Structure formats: C-alpha cells, structure tokens
**Student:** 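So that we are looking at the same thing, I have put the structure below in structure tokens.
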Amino acid sequence: MRFSKMFIPTLREAPADAESISHILMLRAGYVRQLAAGLYIFLPLGWRVLGRINAILKQEMEAIGAQEISMPILHPAEIWQQTGRWDVIGDEMFRLKDRNDRDFCLGMTHEEIMTWLASREIRSYRDLPQVWYQIQTKLRDEARPKSGVLRTREFIMKDSYSFDATDEGLEKNYQLHAEAYHRIFNRCGLRFMQVESDPGMMGGGYSHEFMAPSPAGEDEIALCDGCGYSANVELALSVPSAIDLQEWDKEEIHTPEKRTIKEVSNFLKLAPMYFIKSILVITDQGPVLALVRGDQELHEKKLARIIGSHRPAQKIEVKEILGVEAGFIGPMGRDMRIVADNSLKEGSYVGGANKPHYHVKGVKADRDFRAEWHDIHIAKQGDLCTNCGKPLHVERVIEIGNIFKLGTKYSGALKAVFLDENGQEKPIIMGSYGIGPARIAAAAVEQNFDKDGIIWPKSIAPFDIELVPINMNDPKTVEVAEALYKELTSDGFALLLDDREERAGVKFKDADLIGIPIQIIIGEKNLKEGLVEIKDRKTKETVRVKVEEVAASLKQT
RNA sequence: CGGGGCGUAGCGCAGUUUGGUAGCGCGCACGGUUCGGGACCGUGAAGUCGGAGGUUCAAAUCCUCUCGCCCCGACCA
C-alpha cells in the first residue's frame, strides 16, 4: 500500500480525553477514532491489525476442530427469558422492541442462541461433539466504558461453544481451547498468564481467564512464584502473613472517640493485625457479621459465595441492629450469624466491646464468639500461598480471553438434549470460550511502546515493512523504492511505502508512531554506495545493506 | 448510580474571577525558500464559544435547566 493513498490521519498531539497508552497511541497513529463513549471506528490501519489477529484466531480455532458460523446480533427476548438471564442481567443489556411490540435485545454473548441452535438440530450422541465459533459483534451497555478500545459498549469477540455428550468430552474441549489460547496469545506476541477465575454471570462451575500484565488493566491477579498458583484476586486464596499470636487476658479498654482500626491501633500502639475488624452486612435472611483481621480487607464476592447477595449496613442500621454505634461493635456474645476469616482462629485480638468508647483486648475465637470459618479476605501482596506457603504477589492485568465450563446450565433451560447409547435423553454438556481481538491489540500496545510510538509484534502489525524513501524528488531513490516494493511484495511481505512528498523528519516520526516493526530507509547518500538502511523499530538499530541483498537479509530474521 | 473534572476553529489550549461582541500554537489552502528526525517567510480559509431558556443596552463570561465526554468508585464477559 502507498501511504499517500491510504487514510492514515496521524496526530501530533493527543486528544485531551485519552488517558491510557493504547488509547493515546491508537488515536495519534491513526488506527481508531471515537464515535461516542465506548464506540470506536477502526480506520484502515486498525482494521488491518484486527484482521491479522482474527486470521490467527481462525487458524487456531480450525486447528482444534471448531467450525466458524455467524449468528444474529438481534435476539428475541423469549430465549433469554428461558435461561433467566433476561431478568438477571439488568441495565447492561440493550433492549428494544420491534414494530409489533415484541421484545428483543442486542446480543452481549451468544450462549442462548448457540444453545437454541443445538436444541433444534442435535438429537443423538452421534451428532456430538460439536464446536462452533464466530467472530461477531457484541453489545453491552457498560456502566463505564474506558481506556479506549479496552472497555467498550460494542466490540468484536471470538466466541466458541462446545457441545459434548460427556464430562470427559467437555474436559477435552476445555483443554483444547486452553492450549489453542496459549498458541494464539503467544503468536500475537503478548506476555500473558492463565489464571483461575470467577464464572460470574456465565454461571456453571469452572473457569479460567487469560491475562496480559499491564498497568492499564482493570483486574488484579495473585501469583505464586513457588508453585505457580495464579488466580484472579476475586477468588484467590491466601494465608495472611503470620503474626506472633498473642494470648492476652481479657480486658476492657477505654478508647474514647477511637472508631477505626487505624485510630485504635495508633491509640493503643498496637499493629492493625492484632485487631478484629467487624463488618455488618444485610442479606435477605437478615444481618450477618463478617470478621477479618485488622490488616485485611473483606472480600465481598467471597462472602457472597457463602451468604448470598448482601450489602453493607448503614450506620443507622448498625445502631438499630447491634445496639451500639459503628466503631465499637464486636463479635463477643452476639447471637447472630457470624462469618469469620480463617486467620482469626488462633490467638487473641482486640475487638469492639459493644459499648460506646470501649474495646476489648483478648477476644478469642470459640471462647468469646462462635463463627463459620472461611477465607473471606482479599488476597494481597505478601500474603502466603495456600498451596506451598511462599509469598504471593499481586499484578494488574488486562483480561484478553476466558474459558468456561458451563455444564448443562443452558442446555437444561433450553432443552438442548440428545439420546445417548442407551436411548436415554440427556442435556448436552457445554463450554464457552471467548477472546477479544481489540483487547489483544490494545494489550499489545500497552506492552510494547516507547516515547515515539507503538512497537507492534511482527505477527499483528498492520504491515510487515515500511519503506521510507527520503527524497521523492530524487529519481534514483524512487526507482529503488519501487523496485524493493515490488520484490518484497512478491516475497510475501506486506509493505507500506511512504511515497508522500514530506520532509524526512515527518516520515521518520510517522513511521515510529505507526510502529511497523521494520523500516527500510532509502536515502540518496547511501544509494551512491548501493546501500539502504534496515532499521528495527524496537531497538532502533540500523544496518546498511546492499539493495540486492535486502530481501535475503529480511528473510533471515 | 455516587464523587470529581472538562466542553471556545480539525487537534492542543488562552479568554470566564471583574459582561463590551473571540485569540494563540499546530494542522489546512496558495506562493516562495528549504529538504536525514514533526522546516522557514508571506498570504488566506475556517468558530451557532455543547444546547435551551433567563438576566442585561450588551453574555463565551452571570443565573436556571439540559446534553455530551473524561477520570475515581460502584458494576461488569
């Protein structure tokens, strides 16, 4: 392609409403434009990148036997009502009516529709397994679109769905997908890891996420260097750092106006880890008291898995229910449901005395209160691995893919059943597997850039090579540029030829910004010796090569 | 949905406090000089000051309402 004929609107300055690296660079380098919050236009360069990513996705999906199909984006409500998600999901689903007042929604994902298809067409175990996938637009009315192309309201997703007769079949397809995902992300040049995750709204039992480390990410994962344990902090288990267990005699202490752990800790000159943090939450079945160690944070999702959905109690409610104001509440002598973090089992602690301006030192589990014991704290840097006891570290990541074992959640609801060898009717066992191509692109930029611009991994760059003839008025320069363009194109490289009548500085700046991995610079002085420069975008290293040897030297790398 | 910030030319911004009828840089068009890291000189085009209403002789500026965008949080494959 010729630069002069291609629409590549580069920007010298970053638009004010871009914050994250990938957002700024993709805007500045002319890859995308924003239409509205969370809605992006992919310009020619951006679309080429997505095209290359999608080509890799297709190859690897086909390689594990997945078959590409295409599903509608507009879905009738009934199918979503049958699985219950029409009601469960809420504001995140775009809903609309047709001219006959029938309810529809825009697809946020395609479990329902894929399962509907299976329910109509699959009859026998002989029809199984099937793996269907598509690269299709999804729509979600995100509460807060952000970070450019990383979190949008409309986005393309590669989503595949496996249909099996047996759990072993599902396990196999799950593993095949995990392996394919490793190949895909490796080929896309990303640093990533696979972690255990929370299935969330997908339901079902078991899932993993693929995470690309980046400060721009929205998720955090806990990693163990010792045994390789890795999980989203949403469910990561951990052993809080050990403390010298205390066995204090029980003693009431006057703590005037000292309400928070921090205040009491400073007042008593005692580290926060020797305190019990008592948090009152409200569930449909009534109030529950949650206890964590003073240096920990309560993990609401972990708690929700034990007691169901809940919300924090308001200050007034604390007073009404517990009879004492927040800040001095404790578990002692409470006749209510108490869920406590495992770390409080041993030793004695300081907790609220259940009377204003007093705390109690020497509160001891089982003697002074009874609780259900669980891991309900947020795993944090420095906590220890529950497997091997080595320290965990916490890293910020971009979610680039996920795999779910759905089981029969959708097939059951939509009556997607088959007859097994014995003529018995059974629900199909399903899995679903997603990858966001735009997130791969954004993660690649977040992981590979410098002050001058993007540095694309070779596999997903919009072009393999950019030719930079410096002086378009020099006939020899143009001649060599055209010849190289022809030769390298026929060698199978994708070339961008910067044939604009621009000054050298402008071309260099744009080339670095756009981030094509190899630049070939064609200048008059070098040409006199029959040489051109091959420059590596990442290292900025330049080698001078004879014009005739350019093709050969590129094939080596 | 809660908190904060911002809407003035294609982009980045000043002007708003103290009302007087809109400006700078980049970009764009034309002419000239330049030509290996975003050149220089000259000329020029381009703005319902996000929108609506109000106050006033007069509103980008003051008041009310409204829309949009960004950030933090809540939420979330």
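All values derive from a computational prediction rather than experimental measurement. Every chain is numbered from 1 and lettered A, B, ... according to where its sequence line falls, protein lines coming before strand lines.
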**Student:** Have a look at A:Glu218 and say if it touches a base, only the backbone sugar-phosphate, or nothing, with a 4.0 Å heavy-atom cut-off.
**Tutor:** nothing

**Student:** May I have the distance from A:Phe210 (atom CZ) to B:rA77 (atom P), rounded to whole angstrom?
**Tutor:** 18 Å

**Student:** Using a heavy-atom cut-off of 4.0 Å across all strands, would you classify A:Phe155 as base, sugar-phosphate, or nothing?
**Tutor:** base

**Student:** Atom CZ of A:Phe94 and atom C1' of B:rA77: how far apart are they, to the nearest Å?
**Tutor:** 15 Å

**Student:** Under a 3.5 Å limit for both distances, which nucleotide forms a Watson-Crick or G-U wobble pair with B:rU34, could you say?
**Tutor:** none

**Student:** Quickly work out the A:Asn402 CG to B:rA77 C1' distance and round it to whole Å.
**Tutor:** 6 Å

**Student:** Take atom P in B:rG25 and the same atom in B:rG36, then report the distance between them in whole Å.
**Tutor:** 27 Å

**Student:** Across the strands shown, which category fits A:Ser147 at heavy-atom distances under 4.0 angstrom: base, sugar-phosphate, nothing?
**Tutor:** sugar-phosphate

**Student:** Distance check, P atoms only: B:rU43 and B:rC49, in whole angstrom units.
**Tutor:** 28 Å

**Student:** Could you tell me how far apart A:Lys146 (NZ) and B:rG4 (P) are, to the nearest whole angstrom?
**Tutor:** 19 Å

**Student:** Which residues satisfy the ring pair (Phe, Tyr, Trp, His ring centres under 6.0 Å) test with A:His377, sequence neighbours excluded?
**Tutor:** none

**Student:** Can you see whether A:Thr152 engages A:Tyr40 through a side-chain donor-acceptor pair at a distance of less than 3.5 angstrom?
**Tutor:** no

**Student:** For the P atoms, the ones on B:rG51 and on B:rA22, what distance do you get once it is rounded to whole angstrom?
**Tutor:** 16 Å

**Student:** Counting the atoms with a prime plus P, OP1 and OP2 as sugar-phosphate, which does A:Ala18 contact under 4.0 Å by heavy atoms, base, sugar-phosphate, or nothing?
**Tutor:** nothing

**Student:** Considering only atom P, compute the distance from B:rG5 to B:rC57 and round it to an integer number of Å.
**Tutor:** 33 Å

**Student:** Out of curiosity, A:Thr542 OG1 to A:Ile521 CD1, how far, rounded to the nearest 0.5 Å?
**Tutor:** 5.5 Å

**Student:** Would you say the side chains of A:Tyr181 and A:His208 form a donor-acceptor pair under 3.5 Å?
**Tutor:** no

**Student:** Classify every nucleotide of nucleotides 31-40 of chain B by which part a protein heavy atom approaches to under 4.0 Å, writing B for the base, S for the sugar-phosphate alone and - for neither, in 5'-to-3' order.
**Tutor:** ---BSBBBB-

**Student:** Which whole number of Å gives the distance between the C1' atom of B:rG53 and that of B:rG73?
**Tutor:** 34 Å

**Student:** Just the rounded figure in Å: distance from C1' of B:rG68 to CG of A:Asp17.
**Tutor:** 11 Å

**Student:** Taking side chain to side chain donor-acceptor pair (under 3.5 Å) as the definition, give me every residue that meets it alongside A:Asn186, ordered by chain and number, with sequence neighbours left out.
**Tutor:** none

**Student:** Base, sugar-phosphate, or nothing: which does A:Ala143 touch, judged by heavy atoms less than 4.0 Å apart?
**Tutor:** base

**Student:** Measuring from A:Lys138:NZ to A:Ile73:CD1, what's the distance to the nearest 0.5 Å?
**Tutor:** 8.5 Å

**Student:** Between B:rA77, B:rC70, B:rG25, spot the one nearest the side chain of A:Glu13, thanks.
**Tutor:** B:rG25

**Student:** What contact category does A:Arg33 fall into here, base, sugar-phosphate, or nothing, at under 4.0 angstrom with non-hydrogen atoms?
**Tutor:** nothing

**Student:** B:rG27 and B:rG20: how far apart are their P atoms, nearest whole angstrom?
**Tutor:** 32 Å

**Student:** Within the side chain of A:Arg85, is there an N or O that forms a donor-acceptor pair under 3.5 Å with the backbone of A:Glu112?
**Tutor:** no

**Student:** Looking at B:rG12, which nucleotide sits across from it as a Watson-Crick or G-U wobble partner, both distances under 3.5 angstrom, or is there none?
**Tutor:** B:rC24

**Student:** Between B:rG47 and B:rU55, how many Å separate the two C1' atoms, rounded to a whole number?
**Tutor:** 26 Å

**Student:** Measuring from A:Thr539:OG1 to A:Asp450:CG, what's the distance to the nearest 0.5 Å?
**Tutor:** 10.5 Å

**Student:** Considering only side-chain heavy atoms of A:Pro15, which listed nucleotide, B:rC11, B:rC70, B:rA77, is closest?
**Tutor:** B:rC11

**Student:** Between B:rG73 atom P and A:Glu297 atom CD, what is the distance in whole Å?
**Tutor:** 14 Å

**Student:** When the C1' atoms of B:rA58 and B:rA74 are compared, how many Å lie between them, rounded to an integer?
**Tutor:** 47 Å

**Student:** Have a look at A:Ile378 and tell me which of A:Glu220, A:Glu297, A:Lys302 forms a side-chain contact (heavy atoms from CB on, under 4.5 Å) with it.
**Tutor:** A:Glu297

